[in-house]
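Below is one structure; the comments refer to it alone.
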There are 2 protein chains.
Amino acid sequence: MTTQKGSSQPAESDPPPNTTRHRPTTMREVAEAAAVSVATVSLVVNNKKDARIGADTRKRVRDAIRVLGYRPNALAKNLVSGSSRFIGLVADAIATTPFAGQIIRGAQDEAWKHGYVLLIANTEGNEPAEKEAISMMLEHKVRGILYSTWYHRVAQVPAALNETDFVLVNCFARDSDAWAVVPDEVQGGRAATEILIRHGHRRIAFLNTTTPSPARDGRLQGYREALESAGIPFDPNLVFDAYPDQEGGYAAVEGLVQCGVTAVFCHNDRVAMGVYDGLRQVGMSIPEDIAVVGFDNQEVIAAHLRPPLSTVALPHYRLGAAGVRLLLGLDEAPGNGVLRIVCPVVERDSVSTRQEKAPANM
Amino acid sequence: MTTQKGSSQPAESDPPPNTTRHRPTTMREVAEAAAVSVATVSLVVNNKKDARIGADTRKRVRDAIRVLGYRPNALAKNLVSGSSRFIGLVADAIATTPFAGQIIRGAQDEAWKHGYVLLIANTEGNEPAEKEAISMMLEHKVRGILYSTWYHRVAQVPAALNETDFVLVNCFARDSDAWAVVPDEVQGGRAATEILIRHGHRRIAFLNTTTPSPARDGRLQGYREALESAGIPFDPNLVFDAYPDQEGGYAAVEGLVQCGVTAVFCHNDRVAMGVYDGLRQVGMSIPEDIAVVGFDNQEVIAAHLRPPLSTVALPHYRLGAAGVRLLLGLDEAPGNGVLRIVCPVVERDSVSTRQEKAPANM
DNA sequence: TTGAAAGCGCTAACAA
DNA sequence: TTGTTAGCGCTTTCAA
């Protein structure tokens, strides 16, 4: 097949004919073509405000740029200015979960907005890889580093991070005041529970995860706070342990029906999916017999269960975006250094059908 | 709170004390500290094979590097060498789907392996954003660009891509011989169907997507090929249209049971999930009454359905990895320029239960 | 075995 | 209004 490569052939073998596609055009060449100095070219390329360039000079330069297909060399530019427009993102698992991707996306969009580019590295949580990734970013003189994890947890901050600005995303340091952005688990747990309360439920179970984590503690606390605000006494017998996946939810159904609750708040959407299966098994229907809300808003699941699942979303996109804003000093970090992002409610039909929520007009 | 920034204070205000953390150490400083020339430092930093450096000189340099916390400046290095160690990845949707992430991961891992770093940009399929992203990558003198899409489709190749090496990932160009890496839909469709055939099914429905796409055509062809190889006549009445999500699968169940098939190949796992619901609704069980296989191997769903779903995986990770291999010239492109990656079978319990497949020993 | 010096492509004083 | 020049931090001949 024909080659699609331009740079594949050694350029020095023959004198560059005046065709395109050899060594990239430099600013100096543009300057010669336009019969001006490189300084002038630089000025027009960068649209320097306080540079007074004659209209015709400017035009000559512009033309030369177009004709030669000139592109500024960011490497050189960065070298001069001493700092690059890179932001490093090191992640422990870029795509083990659908979530991590949203962090990247949020970070990327926000970075882009301010003229920065994301340099990413995924380390699989592997320490040498992590060190190497950070080194490489440091060597590229990144503006700063976002250190992110795929689930909300305590992070062991690699020492090398201190050589630059950094912010933790979806994780936090236990013994340091390093800046961090995390989801507000407590508020999320409260919100989830409140959906149920708002629909008149008083006997509400909570299927919490078995894994110790900020999510486990935070959501439980939120659940309790919501009950308390509503004047509903907390009943520890209504809090169940469930392994945080479909099987865990399925297995928990038996206990659920035995204790006679009218609603259940599941630690995550996958658990909720298991609960759906279990409930169906025993002939109970959602939301009539039992209302359920999940957590995470894992689209593939939540939006397409029957009935679609009301849930609380994990704000991954915003986590990533807030991370770069903090990094760039666009937002101020809160006093303790950790910024909590709210987990928004996503109501669907697993608490009450749409008809009940908003009666049709006819 | 205390600042965690090093670079935040102007460094020129006072002469750098010999503490750490000011302007980063340069090679020249290392040279001075070690009382050698920068050339020598360069030699030892890069472990140049054919450089004969005295053991003690080398040690002095090493020590100075350690003491000063020197890090090479990749920007400068790249400028000199004329080319960077960047590979650009432009994606139309980094995380709308769990899939895209795997492409990134595959590309990242493979790039890393060869000393390259990924520069990523997501464009949301937005053309100006795409142009800008490519420009930026070109300006950074990337080694090449991976242009990827989140689902397998024909891509409109942006002209600017021709200024560098590039390979299409998960998409291909209609009228060009641009290099591309895509999943082998035909083989995938064949493999899915063969799972069913291997388990004795002869009357096999195919719930194909309604969306025109390489997946739609390829999987259908694979389905037909598999039937043909097994000597089963193709019956067009057994091919149904289904919108490619849970609702589509659910809706298709009625037709499915009416035509009395014993097995169904679903265009994707989400459709399969809908089929599960529908089948349960009419009291049929999987795999006893009807066997089902999906496509995509979307973990959250496939692995946790009841019973777990046998399916065929989309090789996103390998797509990304193969993309960089092609780009770097590590692998040879096939004659027509498009490399097809096999979609591996993932057997679970929706075709026959594990017991049937492998009887327990006692 | 090591050093001096040129220069990668660009920016930013400073001159003119 | 535009040009000259000195670097940015590094690699790489070429000399010593």
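Lettering of chains follows the sequences in order, A, B, ..., and the numbering in each one begins at 1.
Residue-to-nucleotide proximity on DNA chain C shows that, of B:Ser81 and B:Ala55, the 5′-proximal contact is made by B:Ala55. Mapping B:Gly54 and A:Thr25 onto DNA chain C by nearest heavy atom places B:Gly54 at the nucleotide closer to the 5' end.
Between B:Glu32 atom CD and C:dT2 atom P there is a gap of 18 Å when expressed in whole angstrom units. Distance A:Met27 CE to D:dT2 P: 16 Å, rounded to the nearest Å. Rounded to an integer number of Å, the gap from B:Ile65 CD1 to D:dG9 P is 16 Å. Atom CG in B:Leu79 sits about 12 Å away from atom C1' in D:dG7, given to the nearest Å. Atom P of nucleotide D:dC10 and atom CG of B:Leu43 are separated by 14 Å, given to the nearest angstrom. Following rounding to the nearest Å, A:Arg71 (CZ) and C:dC8 (P) show an atom-to-atom distance of 22 Å. Following rounding to the nearest Å, B:Asn78 (CG) and D:dC8 (P) show an atom-to-atom distance of 19 Å. In this entry the distance linking NZ of B:Lys59 with C1' of C:dT1 reads 19 Å, nearest Å.
Taking only side-chain atoms of A:Ala39, from C-beta outward, the nucleotide of C:dT2, C:dT1, C:dA12 with the closest atom is C:dA12. Distance from the side chain of A:Asn73 is smallest for C:dG9 among the nucleotides D:dT11, C:dG9, C:dG3. The A:Lys77 side chain lies nearest to C:dT11 when the options are D:dT2, C:dT11, C:dT2. Side-chain atoms of A:Val38 lie closest to D:dT5 of the nucleotides D:dT5, D:dC10, D:dT2. Side chain of A:Thr26, nearest nucleotide from C:dG3, C:dG7, C:dC10: C:dC10.
Contact annotation: A:Lys48 reaches the phosphate of C:dA12 (side-chain N/O to OP1 or OP2, under 4.0 Å). Distances shorter than 4.0 Å separate none of the side-chain N or O atoms of A:Ser42 from OP1 or OP2 on C:dC10. The phosphate of C:dT2 (OP1 or OP2) has no side-chain N or O of B:Ser37 nearer than 4.0 angstrom.
When every heavy atom of B:Trp179 is checked against every heavy atom of B:Phe166, the shortest pair comes out as CB-O, 4.4 Å.
Contacts of B:Val45 with the nucleic acid, taken as non-hydrogen atoms under 4.0 Å apart, are absent. In this structure, B:Asn46 reaches the sugar-phosphate backbone alone: every heavy-atom distance under 4.0 Å involves primed, P, OP1 or OP2 atoms, never a base. At the heavy-atom level, B:Gly82 lies nowhere under 4.0 Å from the strands shown. Note on B:Val41: nothing from the nucleic acid sits closer than 4.0 angstrom, heavy atoms only. Nucleic acid contact class of B:Ala35 (heavy atoms, under 4.0 Å, all strands): sugar-phosphate only.
Between B:Thr25 and the options B:Arg28, B:Glu29, B:Met27, a side-chain contact (heavy atoms from CB on, under 4.5 Å) holds for only B:Glu29. Screening B:Asp63, B:Asp56, B:Thr57 for a side chain to side chain donor-acceptor pair (under 3.5 Å) with B:Lys59, the sole residue that qualifies is B:Asp63.
For the pair A:Ile145/A:Val90, a side-chain contact is recorded, criterion being any heavy-atom separation below 4.5 Å from C-beta on. Annotation: side chain of A:Asn126 is in contact with side chain of A:Pro128 (closest heavy-atom distance under 4.5 Å).
Here CZ of A:Arg143 is found 9.0 Å from CZ of A:Arg85. Values are rounded to the nearest 0.5 Å.
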